[in-house]
Amino acid sequence: MNTYSRSDITAPIVAARFCGPPSAMLGQEKVPCPNRQGTQTLARVRAALFPHLPDVAVCRNVAPLRRFHAGCRGVVGCGPSALCSACALPRDENACDDSTPDSRLPTRADTAIIGAFLPPCEETRVPDPAADVRVRFAPSPTGALHIGGARTAIYNWAFARKTGGTFILRIDDTDPERSTAENTAQILRSLRWLGLDWDEGPEAGGAFGPYFQTQRAHAYRVALERMKANGSAYPCFCTAEELERKREAARSGDGTPGYDRTCRRLSADDARARIDGGEPHVWRVAVPEDRGDIVVDDAVRGETVFPASAMDDFVLVRSDGTPTYNFATVVDDADMEITHVIRGDDHLSNTPRQILVFEALASPVPRFAHLSMIWGADGKKLSKRHGATSVEAFRDEGILPEALLNYLALLGWSLDGQTTIVSAETLRATFSLERISKNPAIFDAEKLDWMNGVYIRDMPPEQLAERMLPWLESAGLASRADFELRRAWFLALVPLVNERLKRMTEVVPALGFLFASEITLDPASVEKALTTAEARTALRGSAEALGTLDRWDAASIEACLRAVADSLGVKPKVLFQAVRVAVTGSTVSPPLFESLALLGSETARARLVSAQAATAG
RNA sequence: GGCGCGUUCGUCUAGCGGUUAGGACACCGCCCUCUCAAGGCGGAGAUCACGGGUUCGAAUCCCGUACGCGCUACCA
């Protein structure tokens with residue numbers, strides 16, 4: 001492992017590819033690029049604005065904030081990953097710490113502020129979206145991961161895997177009231193349970209962090225500075241009451257609601273004076289006057305056009321300094337170089353607003369793909385009333401992760417219209433944005449159950465046995481030690497149930513009679529199969545005959561019982577049902593002879609006897 | 001109110017100008033069978049929301065209408 005310490009920094013000057021005004025340039029040199037073949041042009045620039053810094057160079061369009069050790073504060077834009085440009089050592093997240101910033105080096109905020117004053121770079125990097133896909137799933141930890149979010153995560157993951165891109169997990173925890181660490185933990189757990197792995201994000205690290213919005217305050221500050229500098233953001237001092245009044249007026253008026261841009265007309269001096277005077281204010285985007293209609297080329301919906309006139313100067317930063325959602329996500333997406341935004345339909349109307357911010361930041365606008373919502377069976381928004389909605393609830397109700405993944409993947413996406421069983425492997429090999437459907441979908445729990453059954457049936461026996469154990473354990477019927485001790489016996493359980501289970505929760509009711517020492521006979525079953533004199537005779541005959549068996553296996557038991565039925569003149573079916581109820585407690589059970597074989601001769605005969613006693617009177 | 005999105009069997013979907021509108025779940029029937037399942041075979045189920053166009057021809061393209069949903073916050 002490569003280690004790194006602050007003293008390893010030999011040059012106090014941070015260099016990067018330079019594209020600022022020549023007057024600011026102190027020197028220029030071509031150096032070998034540490035990250036790829038060839039050279040890059042480095043420049044040294046006097047940043048007069050930042051006297052506490054040494055000579056600094058930045059390029060605003062070459063991803064100025066990327067790819068350096070967390071503690072290095074370096075700047076570079078050259079290829080994905082590999083070396084830290086400030087120390088030229090391989091990046092190793094764990095070896096760096098960000099706790100003691102070096103005052104000689106520009107902070108991230110500094111570099112970006114400088115960038116804002118520089119003209120656009122001639123060599124704007126044109127990302128090739130096909131070659132370098134970066135997608136993100138950005139849940140808000142205000143609750144458990146629900147199936148809508150899970151589906152969004154699945155699509156993002158599948159798309160990243162299919163394209164060989166990067167899947168990023170980011171936590172949108174800007175709502176301090178409702179965001180909890182436990183929710184975050186649960187979301188990570190749910191994603192992992194589904195088999196989704198992320199390349200960057202919590203517990204995975206990555207060069208574009210931090211991945212929690214609450215830790216990204218500086219990024220929002222920097223972005224706002226840039227927007228202030230290029231005139232795309234302005235302070236607004238209007239009070240809530242004033243705004244409310246304006247909204248009312250607009251709503252009853254010509255039908256173009258939104259902020260009336262009063263404060264946009266303030267002079268710069270005026271605004272500065274009021275800010276300096278401590279007057280509370282928010283920051284708004286200045287939607288360009290000459291901006292034409294905004295078209296969103298959505299991968300799912302095609303081109304949708306939003307009239308620019310409908311865009312008002314919405315708030316970017318609240319009066320308490322925190323960013324609004326539409327600002328924060330864009331800053332994050334821009335900083336993290338997200339190429340494709342795959343998310344819920346409810347954000348489609350926000351997209352033109354966000355595009356405006358991307359443009360103001362001079363960042364490439366990602367491709368969008370908006371997914372339709374998932375509804376409950378009644379066509380209403382999914383809620384507790386519809387039963388399980390969180391991933392963990394499905395887990396607890398005996399749904400297999402691969403089944404939930406499969407079901408959710410097909411709820412809004414199709415491979416070919418025929419295929420219904422899609423493994424994670426085929427998903428990651430075949431997923432495409434083009435085959436996402438536009439229609440909202442209603443969640444069909446019955447189909448999920450069917451699919452779960454398919455996965456249970458198709459599972460290798462050893463694996464099913466293994467997966468059944470936790471359910472038996474939590475019911476107090478078996479233990480791990482038990483399982484290890486009698487592996488063959490547990491394995492033999494599988495064929496009894498694998499064709500009969502829809503959910504893993506059914507394991508215990510289906511197999512309980514094989515574990516419990518005592519069983520209770522289901523009254524309705526007794527009524528149906530045990531009340532006749534014929535049935536009691538059958539039980540007695542069966543108990544006796546089985547006692548003489550020297551081979552205790554399914555075939556022998558079957559032969560024996562058929563012989564008993566024959567000699568007693570009782571219909572085999574009648575005898576079997578009587579025995580079934582006596583031994584399993586119910587008219588519905590796994591196959592009788594196999595069940596008896598696994599139960600053991602002793603217990604089986606004991607139950608036949610006690611059932612006679614129970615029904616005698 | 002304004003803007004945007006959506007509408008193919010009960011449900012999920014295929015379809016991208018010419019199909020008997022295909023598949024899956026659920027449902028019904030038959031077969032198999034020691035119960036329940038699973039499996040096999042078959043069936044019913046969609047005037048492609050509605051109304052206009054364009055076209056020789058439209059579920060597919062265009063325009064309206066209806067209904068549903070989203071956004072229109074110093075929510076996310």
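Note that the structure is a prediction, hence the values are computed from the model and not measured.
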J.: With a 4.0 Å cutoff (strictly under), does any side-chain N or O of A/Arg318 reach OP1 or OP2 of B/A76?
T.: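 Answer is yes, contact under 4.0 Å.
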
J.: When you check the side-chain N and O atoms of A/Arg216 and A/Gln213, is any donor under 3.5 Å from an acceptor?
T.: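 No.
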
J.: Which heavy-atom pair separates A/Val331 from A/Ala223 by the least distance, and what is that distance?
T.: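 Nearest heavy atoms, A/Val331 then A/Ala223: CG2-CB, 3.5 Å.
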
J.: Can you find a donor-acceptor pair, distance only, under 3.5 Å between A/Ser319 side chain and B/C74 base?
T.: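 Indeed there is one.
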
J.: Just checking, any donor-acceptor pair under 3.5 angstrom between side chains of A/Asp332 and A/Tyr220?
T.: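 Indeed, the side chains of A/Asp332 and A/Tyr220 share at least one donor-acceptor pair under 3.5 Å.
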
J.: Going 5' to 3' through nucleotides 31-50 of chain B, assign each nucleotide B (protein heavy atom under 4.0 Å from a base atom), S (under 4.0 Å only from sugar-phosphate atoms) or - (no protein heavy atom that close).
T.: ---BBBBSS-----------

J.: Return the 5'-most residue of the pair A/Thr419, A/Thr239 with respect to RNA chain B, ranking by each residue's nearest nucleotide.
T.: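 On the 5' side of the pair lies A/Thr419.
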
J.: Between atom CZ in A/Arg178 and atom P in B/A76, what is the gap in whole Å?
T.: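 So the two atoms are 9 Å apart, to the nearest Å.
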
J.: Could you walk me through whether A/Phe314 and A/Phe327 satisfy the ring pair (Phe, Tyr, Trp, His ring centres under 6.0 Å) test, starting with their C-alpha distance in whole Å, then the side-chain angles of each, then the deciding distance to 0.1 Å, before giving a yes or no?
T.: CA-CA 10 Å; A/Phe314 60 92; A/Phe327 185 53; 8.8 Å; no

J.: When the P atoms of B/G42 and B/U47 are considered, how many whole Å apart are they?
T.: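 Roughly 25 Å separates the two P atoms.
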
J.: Hey, does A/Thr142 reach any base, or is it just sugar-phosphate, or nothing, if we go heavy atoms under 4.0 Å?
T.: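 No contact at all - A/Thr142 keeps every heavy atom at 4.0 Å or more from the nucleic acid.
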
J.: Looking at every heavy atom in both A/Ser140 and A/Asp172, which two are closest together, and how far apart are they?
T.: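 Of all heavy-atom pairs spanning A/Ser140 and A/Asp172, the closest is OG-O, 3.3 Å.
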
J.: Going by purine N1 to pyrimidine N3 plus the second Watson-Crick contact, or the G-U wobble pair, all under 3.5 Å, which nucleotide sits opposite B/G1?
T.: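 Paired with B/U72.
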
J.: Not counting sequence neighbours, which residues clear side chain to side chain donor-acceptor pair (under 3.5 Å) with A/Ser437? List them please.
T.: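 So A/Ser437 forms no side chain to side chain donor-acceptor pair (under 3.5 Å) with any residue.
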
J.: Measure the distance from CG on A/Leu356 to P on B/C71 and round it to the nearest whole Å.
T.: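 After rounding, the gap between these two atoms is 19 Å.
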
J.: What's the gap between B/A73 and B/A66 when it is taken at their P atoms, as a whole Å value?
T.: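 Each nucleotide's P atom is 25 Å from the other's.
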
J.: Taking the C1' atom of each, how far is B/A58 from B/A21, in whole Å?
T.: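 The answer is 13 Å between these two C1' atoms.
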
J.: Under 3.5 Å, is there a donor on one side chain and an acceptor on the other for A/Thr322 and A/Arg318?
T.: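 The answer is yes; a qualifying pair exists.
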
J.: Can you sort out the partners of A/Pro460 under side-chain contact (heavy atoms from CB on, under 4.5 Å), two or more places apart, ordered by chain and number?
T.: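 Counting only residues at least two positions away or on another chain, A/Pro460 forms a side-chain contact (heavy atoms from CB on, under 4.5 Å) with A/Glu462, A/Gln463.
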
J.: Round to a whole Å and report the spacing from CG of A/Leu371 to P of B/G70.
T.: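 It is 16 Å, rounded to the nearest whole Å.
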
J.: Rounding to a whole Å, what distance do you find between A/Leu415:CG and B/G23:C1'?
T.: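 One finds 13 Å between C1' of B/G23 and CG of A/Leu415, rounded.
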
J.: Can you tell me how far C1' in B/C48 sits from the matching atom in B/U20, rounded to whole Å?
T.: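 Here B/C48 and B/U20 have their C1' atoms 16 Å from each other.
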
J.: Side chains of A/Ser586 and A/Asp522: any donor to acceptor distance under 3.5 Å?
T.: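 No pair is found: no donor N or O on one side chain lies under 3.5 Å from an acceptor on the other.
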
J.: For the rings on A/Phe137 and A/Tyr155, is their centre-to-centre separation under 6.0 Å?
T.: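 That pair fails the under 6.0 Å test.
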
J.: For A/Ile171 and B/A76, what is the distance between atoms CD1 and P respectively, to the nearest whole Å?
T.: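 Distance, rounded to whole Å: 16 Å.
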
J.: If I pick the C1' atom on B/A46 and the same atom on B/A38, what distance separates them, to the nearest angstrom?
T.: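 Nearest-Å result for B/A38 against B/A46 at atom C1': 30 Å.
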
J.: Not counting sequence neighbours, which residues clear side chain to side chain donor-acceptor pair (under 3.5 Å) with A/Lys228? List them please.
T.: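 So A/Lys228 forms a side chain to side chain donor-acceptor pair (under 3.5 Å) with A/Glu225.
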
J.: Sort out the partner of B/A24 for me: Watson-Crick or G-U wobble, both distances under 3.5 Å, none otherwise.
T.: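 By the stated definition (distances under 3.5 Å), B/U11 pairs with B/A24.
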
J.: Write down the distance separating the P atoms in B/G23 and B/C16, rounded off to the nearest Å.
T.: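 Here B/G23 and B/C16 have their P atoms 16 Å from each other.
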
J.: Tell me yes or no: between the side chains of A/Thr324 and A/Asn326, is some donor less than 3.5 Å from an acceptor?
T.: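 A/Asn326 and A/Thr324 do not have a side-chain donor-acceptor pair below 3.5 Å.
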
J.: Mind checking whether A/Tyr407 and A/Phe443 have ring centres under 6.0 Å apart?
T.: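 Yes.
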
J.: How close or far is atom P of B/G2 from atom CD1 of A/Ile294, stated in whole angstroms?
T.: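 For the pair A/Ile294 CD1 and B/G2 P, the rounded distance is 20 Å.
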
J.: Base, sugar-phosphate alone, or nothing: which one does A/His347 contact when heavy atoms must sit under 4.0 Å apart?
T.: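 A/His347: base contact, heavy atoms under 4.0 Å.
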
J.: Searching all strands shown, indicate the nucleotide that pairs with B/U35 (Watson-Crick or G-U wobble; both distances under 3.5 Å).
T.: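 No nucleotide pairs with B/U35.
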
J.: Using Watson-Crick or G-U wobble geometry with both distances below 3.5 Å, tell me the partner of B/A46, or none.
T.: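 Base-paired to nothing in any strand shown.
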
J.: Please work out if A/Asp346 contacts a base, only the sugar-phosphate, or nothing of the nucleic acid, heavy-atom cut-off 4.0 Å.
T.: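 Counting heavy atoms under 4.0 Å across all strands, the contact made by A/Asp346 is with sugar-phosphate only.
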
J.: Sugar-phosphate atoms are those with a prime plus P, OP1 and OP2; base atoms are the rest. Using that split, label each nucleotide of nucleotides 5-15 of chain B B, S or - for protein heavy atoms under 4.0 Å, 5' to 3'.
T.: SSSS--SBSSS

J.: Write down the protein N/O and nucleotide N/O pairs, taken from nucleotides 58-66 of chain B, whose separation is under 3.5 Å; answer none if there are no such pairs.
T.:
none

J.: Rounding to an integer number of angstrom, what distance separates B/A26 and B/G45 when you compare their C1' atoms?
T.: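 After rounding to an integer number of Å, I get 11 Å for this pair.
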
J.: Could you work out the separation of B/G17 and B/C12 based on their C1' atoms and round it to a whole Å?
T.: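 Going atom to atom, C1' in each nucleotide, I get 26 Å.
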
J.: Rounding to an integer number of Å, can you tell me how far A/Arg170 CZ sits from B/A76 P?
T.: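 It works out to 13 Å between those atoms.
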
J.: Once you apply a heavy-atom cut-off of 4.0 Å, does A/Val315 come out as touching a base, just sugar-phosphate, or nothing?
T.: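 Answer is sugar-phosphate: A/Val315 comes under 4.0 Å of backbone atoms only.
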
J.: Under 3.5 Å for both donor-acceptor distances, Watson-Crick or wobble: does B/G18 have a partner, and if so which one?
T.: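 Checking every strand shown, B/G18 finds its partner in B/C56, with both distances under 3.5 Å.
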
J.: Between the side chains of A/Thr329 and A/Arg136, does any donor sit under 3.5 Å from an acceptor?
T.: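 There is no such pair (donor and acceptor under 3.5 Å, judged by atom type) between the side chains of A/Thr329 and A/Arg136.
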
J.: Give none if B/G6 has no partner; otherwise give the nucleotide forming a Watson-Crick or G-U wobble pair with it, both distances under 3.5 Å.
T.: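 Here B/G6 is engaged in a pair, and the nucleotide opposite it is B/C67.
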
J.: For A/Lys381 and B/A76, give me the distance from atom NZ to atom P, rounded to whole Å.
T.: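 Value for this atom pair: 15 Å.
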
